[in-house]
Amino acid sequence: MCGIVGYVGKRPVLPVLLEGLRRLEYRGYDSAGVVFFDKGRLRVLKRKGRVYDLEEDIYRNSTLEPKAPGLGHTRWATHGEPNEINAHPHFDCKTTLAIVHNGIIENFYELKKELIIKGHKFISDTDTEVIAHLIEEYVKEGLNLFQAFLTALRKLKGAFAVAMITTMDPEKIYVARFQSPVVVGLGEGENFLASDIPALLPFTKKVVFLEDGEVAILSQEEVKYFDFHGRELKKTPQIITWDLASAEKGGFSHFMLKEIYEQPSALQQTLLGRLDLEKGKIDFSREGLTQEFFSGIKRIFLVACGTSYHACLVGKYLLERVIDIPIEVDLASEFRYRNPRLDNGSLFIALSQSGETADTLASLRLAKEKGARTLAICNVLGSTITRESHIVLYTQAGPEISVASTKAFTTQVLMFILLSLYLQEIYQREEPKELIKMLPRLPGLLNKVIEKLHPKIKECAKNWYGASNFLYLGRNILYPIALEGALKLKEISYIHAEGYAAGEMKHGPIALIDENFPTVILSAKELGIVHEKTLSNAEEIRARRGPIILFTTEGERKFEDKVNYIFYIPETSYAFLPILYVVPLQLLAFEIAYLKGCDIDKPRNLAKSVTVE
Ligand code: F6R
């Protein structure tokens, strides 16, 4: 996720771009850049770091005579480390056109190879630069600028919001959208564009949202809309009524709620470039992961803290189904102080949203010291854990602002699904085609679950937010989800909550049950034999008058009259259960904390990145 802004009009261009970038920094903040016209030529300024670092550079530079149109970009790195060279904008060989981009170009590697053969010179490691050279190439081959822009867009695979200014048409901004947001802001004698509304609000409330496959060409006087084949479109402007604070959260009351709702698109981003549906394979070649990396591996360690640790527990269930290698899961704070049997036959997998967690990092260093191969599953490009691991698989959740982790967790789980499919092919020599075919449907399925269950979850929260304790029970792959559901509730609502393996209930926690102690039970037909066993645990709680909130498979009607609340999850693949079940629990925690008036995005005593022991 990155942020882009654009302006064409008579105002001084840099203050407009910088104001927009500051308001988009929540989308990415490892580097920032602007491009504008200066004495008839394109002039770029970019910098590693935050927008205010760029701003300082700009105001120190007194030789500038900036003129619109101009573009700005704040980056959340996906390809290429966060540095000045990889910061946007990017250019063609002759610096006649500048591109800013948000998204991922899946086929950039192939396109780059072709363009290099044709003589193009690349200077960055980004996927974005390929767009500038592609347009340049089509112009060289004789297409007019508009056709070259459209032809390049049709060649791109992946997700993109792309904006361009060029000396070939110096009064205009070209912008296109495919699966990454673009909003056009309409003014009098001036027009704007941005990845999100907060960047536009200081200037205009009249906006047009581009849809996938649409292009806009902005000049001072007008904005014209087209599809990717150049057919003109009519679009109707809307008036935004949000204030600034709610606009930054996409109209949601809290970042946590926004991030919960972002999960279908975060999953989609994480799938991009990794699914080869034609061959029925998972493709990690870009990450440098090969079959050889796994050769001779005799033991696997999955290590993390907090929510990421719960993703490791899910990972164990998924990986154990496809490989015979023993897998150990550890809390990083324990792992680093025990005596794990690490050697060069060990594979150490570190999970971390931030890539900076002190205990996880120390465990990684210990594993490397003992000769283990290391792999990180991480969300933040260029973070310490990614720099120190042999292989990195990035979750593409985008920046997670809320302290309570949501979309980082579901994308970590998705990464384990992908890894298990990859290993299934290596170890069982069997192509897991069926599940691979289902994966593109997972984001849509999750969307439906959120839309359907959220209103009833709100109602359930109203009944139970006064409780002092909660128990969460699950078995098998839903056991870590019980732990995660309890963690979410305790960290944001400050209600005491415990997650347990349902089979452990009789070994202690059942003593707590009474009519004021609600239990959240997770079960699914896909769990086979342990599904019935979990439902028997529900009966035992009922017999002790314990209130029950049950999440189970659609069609499981026999419990309807026996529990206080029942939530149905569509029947699906075993591998998808953790994702489909955890999101309603995130919503339940959110709604309870909301009713209790807690500071949800910044819970007391917690920090987003735990860089000390
Ligand atoms: C809980 C939460 C924490 C983190 C933990 C690890 O919502 O966010 O438990 O999961 O501090 O952080 P990372 O994943 O950044 O290593």
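Every number for a ligand or one of its atoms is a count from 1 in the order of the listing. Sequential numbering from 1 along the given sequence is applied to the chain's residues. Keep in mind that the numbers below use all heavy atoms, side chains included, and drop hydrogens, waters and symmetry copies.
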Practice prompt. Indicate yes or no: does an N/O atom of Q412 lie under 3.5 Å from an N/O atom of ligand 1?
Written response: no
Worksheet item: Which residue pairs pass the side chain to side chain donor-acceptor pair (under 3.5 Å) test with at least one member in residues 588-602, sequence neighbours excluded?
Response: H454-E591
Worksheet item: How far is atom 11 (O) of ligand 1 from its nearest protein heavy atom, and which residue and atom name does that atom have?
Response: V610 CG2, 4.0 Å
Fill in: Presence of salt bridge, E328 and R341, under 4.0 angstrom
no
Fill in: Heavy atom of the protein closest to atom 3 (C) of ligand 1 (residue, atom name, distance)
T307 N, 4.0 Å
Worksheet item: Taking N or O atoms only and a 3.5 Å limit, does S405 qualify as a polar contact for ligand 1?
Response: yes
Worksheet entry | Protein contact of atom 15 (O) of ligand 1 - nearest heavy atom, named by residue and atom, plus distance | S354 OG, 2.7 Å
Response to the item:
In ligand 1, the atoms that come under 4.0 Å of a heavy atom of K488 are 1 (C), 7 (O)
Worksheet, complete the sentence: Quick note on ligand 1: atoms under 4.0 Å from a heavy atom of A404 include exactly 7 (O)
Worksheet item: Counting heavy atoms only, which part of E356 comes closer than 4.0 Å to ligand 1: side chain, backbone, both or neither?
Response: neither
Worksheet item: How about E356 and T384: does a side-chain donor come under 3.5 Å of a side-chain acceptor?
Response: yes
Worksheet item: At the 4.0 Å heavy-atom cut-off, does V403 count as touching ligand 1?
Response: yes
Item to complete: Check Q396, E106, E287 against R274 for a side-chain hydrogen bond (donor to acceptor under 3.5 Å, both in side chains) and give me the one that passes.
Response: E287
Show every donor-acceptor pair shorter than 3.5 Å between a side-chain atom in residues 572-579 and any protein atom, with sequence neighbours excluded, or say none if there are none.
unit_1	atom_1	unit_2	atom_2	d
S573	OG	A575	N	3.2
Y574	OH	N476	OD1	2.5

Discussion item. Between Q412 and S308, is there a side-chain donor-acceptor contact under 3.5 Å, judged purely by atom types and distance?
Written reply: yes
Discussion item. Quick check on contacts: which atoms of ligand 1 are under 4.0 angstrom from a heavy atom of S352?
Written reply: 13 (P), 14 (O), 15 (O), 16 (O)
Fill in: Where ligand 1 meets S308 - atom numbers and elements under 4.0 angstrom, heavy-atom basis
10 (O), 13 (P), 14 (O)
Worksheet item: Identify the closest protein heavy atom to atom 6 (C) of ligand 1: which residue and atom is it, and at what distance?
Response: C305 O, 3.4 Å
Item to complete: Examine K456 relative to F567 and say whether NZ or CZ is less than 6.0 Å from the centre of the six-membered ring and inside a 45° cone about the ring axis.
Response: yes
Worksheet entry | Other residues, nucleotides, ligands: >12 heavy atoms within 6.0 Å of Y568 OH | yes
Response to the item:
atom 12 (O) of ligand 1 sits nearest the protein heavy atom T357 OG1, 3.5 Å
Worksheet item: What's the shortest distance from atom 7 (O) of ligand 1 to any protein heavy atom, and which residue and atom give it?
Response: E491 OE2, 2.6 Å
Worksheet item: Between K258 and E262, is the closest basic N to carboxylate O distance under 4.0 Å?
Response: yes
Worksheet entry | Element-labelled atoms of ligand 1 that are located less than 4.0 Å from some non-hydrogen atom of Q353 | 13 (P), 14 (O), 15 (O), 16 (O)
